[in-house]
Amino acid sequence: MASLDDLAFFRQLARAGNLTATARELGLSVSAVSKRLKQLETRLGVELATRTTRRLTLTAEGERYLIRGSELLEELAELEEGLGEDSEALAGPLRINATFGFGRRHIAPLLSEFCRQHPAIEASLELSNFPEPLVDGVDLGIRVGQPPDSRLVARRLVVNRRVLCAAPDYLERYSAPVVPQELARHACLVLRENDSDYTQWRFVNADTQEEVSVKISGHLASNDGEVIKQLALDGHGLMLRSSWDVQEELAEGRLQALLPGWRGVRADFFAVYPQRRHIPARLRGFVDFLVAGLDERVHTVS
């Protein structure tokens with residue numbers, strides 16, 4: 001049992017990347033974490049890591065201990081879950097990351113309901129504007145676009161396109177564009193959301209599947225999608241937003257979809273997780289729950 005505890009401790013230490021973060025997660029002092037690591041190294045007779053309070057670097061022996069130890073912990077989890085696979089109860093840690101907008105609007109409420117149904121789940125939801133590639137310690141990532149990494153499993157959660165839209169107030173003052181090229185004479189709300197060329201808006205012809213890219217400009221810009229949406233609602237110009245984000249405003253008439261013969265490019269959401277022999281039941285269960293829940297919550301343009 002002590003060996004398994006040591007394996008779990010070392011895996012957590014390696015995932016955290018330094019003594020300070022590990023101490024914070026375990027509710028211990030840095031000195032206590034450092035002492036436990038020294039005791040583990042003494043028991044094994046090898047140095048597992050070189051460390052400072054800011055950074056921990058695994059030795060070759062530490063890498064080997066981490067890799068094989070993680071496999072053993074996964075095998076133990078597989079055994080225990082297999083013994084109780086007839087039970088509907090799910091338990092254990094579940095660490096998820098997603099983008100701020102979609103994470104707040106849809107993932108967080110579904111996670112809340114999932115944890116209400118399975119109170120033994122220990123969940124952590126981390127949100128950021130630009131989630132990094134899946135790293136060790138993250139069980140599930142919610143991403144736009146299917147990842148190119150074949151070592152990851154990607155399950156589509158939402159079929160989604162970007163929609164060109166504007167408020168009725170703006171359209172009363174300016175005639176609606178008929179083709180993408182007419183955007184050059186309109187005030188476009190620029191979302192500086194990532195490192196891509198955010199002044200290029202792309203559209204696909206619904207009939208011919210021709211794709212065009214249009215250079216846009218405008219006096220108002222932001223790096224936050226909610227700000228851009230509010231500016232559009234206030235009648236300041238046109239915006240290109242994911243259909244999941246504007247479905248309510250479109251249904252209520254506060255925004256109007258434009259360019260009916262054209263579609264914004266696809267921006268589907270995927271559940272992404274590492275490919276491995278044993279996928280924990282809690283992870284499989286949550287992904288299934290997301291698929292069903294998002295099907296009811298999100299009504300997008302395909």
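These values consider heavy atoms only, across backbone and side chains, with no hydrogens, waters or symmetry-generated copies.
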Side-chain heavy-atom pair [X], [Y] within 4.5 angstrom cut-off:
X	Y	answer
F10	L48	yes
E126	R95	yes
R254	L233	yes
R161	D268	no
L255	M239	yes
V138	I96	no
I121	F114	yes
S243	R162	no

Interatomic distance, [X] atom [atom1] to [Y] atom [atom2] [nearest 0.5 angstrom]:
X	Y	atom1	atom2	answer
Y65	T59	OH	OG1	12.0 Å
L94	C115	CG	SG	7.5 Å
I216	W201	CD1	CH2	4.5 Å
H106	D245	NE2	CG	8.0 Å
I279	Y273	CD1	OH	5.5 Å
E249	E252	CD	CD	6.5 Å

Please answer whether the main-chain N or O of [Y] pairs with a side-chain N or O of [X] as donor and acceptor at a distance below 3.5 Å.
X	Y	answer
E182	V178	yes
N18	L56	no
Q247	R297	yes
H118	G285	no
S222	D224	yes

### Query
Applying the 4.5 Å side-chain criterion to the ILVMFWY set and letting contacts propagate, would V204 and L240 be lumped into a single cluster?
no
### Query
Salt bridge or not for D288 and R284, using N-O below 4.0 Å?
no
Between [Y] and [X], do the side chains contain a donor N or O and an acceptor N or O under 3.5 Å apart?
X	Y	answer
Q209	N205	no
S213	Q200	yes
Q230	E226	no

### Quiz item: cation-pi between R36 and F9, 6.0 Å / 45°
yes
#### Entry: Counterpart residues, side-chain contact (heavy atoms from CB on, under 4.5 Å), relative to K38 (two or more places apart)
S34, R51
### Message
So, applying side-chain contact (heavy atoms from CB on, under 4.5 Å) with R24, which one of T20, L28, T22 is it?
### Response
T20
### Query
Taking it one step at a time, do E113 and Q117 satisfy side chain to side chain contact (heavy atoms under 4.5 Å, CB included)?
CA-CA 6 Å; E113 176 59 22; Q117 295 181 17; 2.9 Å; yes
### Task
Kindly determine whether K229 and V246 satisfy side chain to side chain contact (heavy atoms under 4.5 Å, CB included), including the steps that lead there.
CA-CA 8 Å; K229 185 164 72 171; V246 293; 4.0 Å; yes
### Query
Stepwise, does the side chain to side chain contact (heavy atoms under 4.5 Å, CB included) test hold for L164 with L238?
CA-CA 7 Å; L164 182 70; L238 310 181; 4.1 Å; yes
#### Entry: More than 12 heavy atoms from other groups under 6.0 Å of CZ on R64
no
### Query
Does E296 CD have over 12 foreign heavy atoms under 6.0 Å away?
no
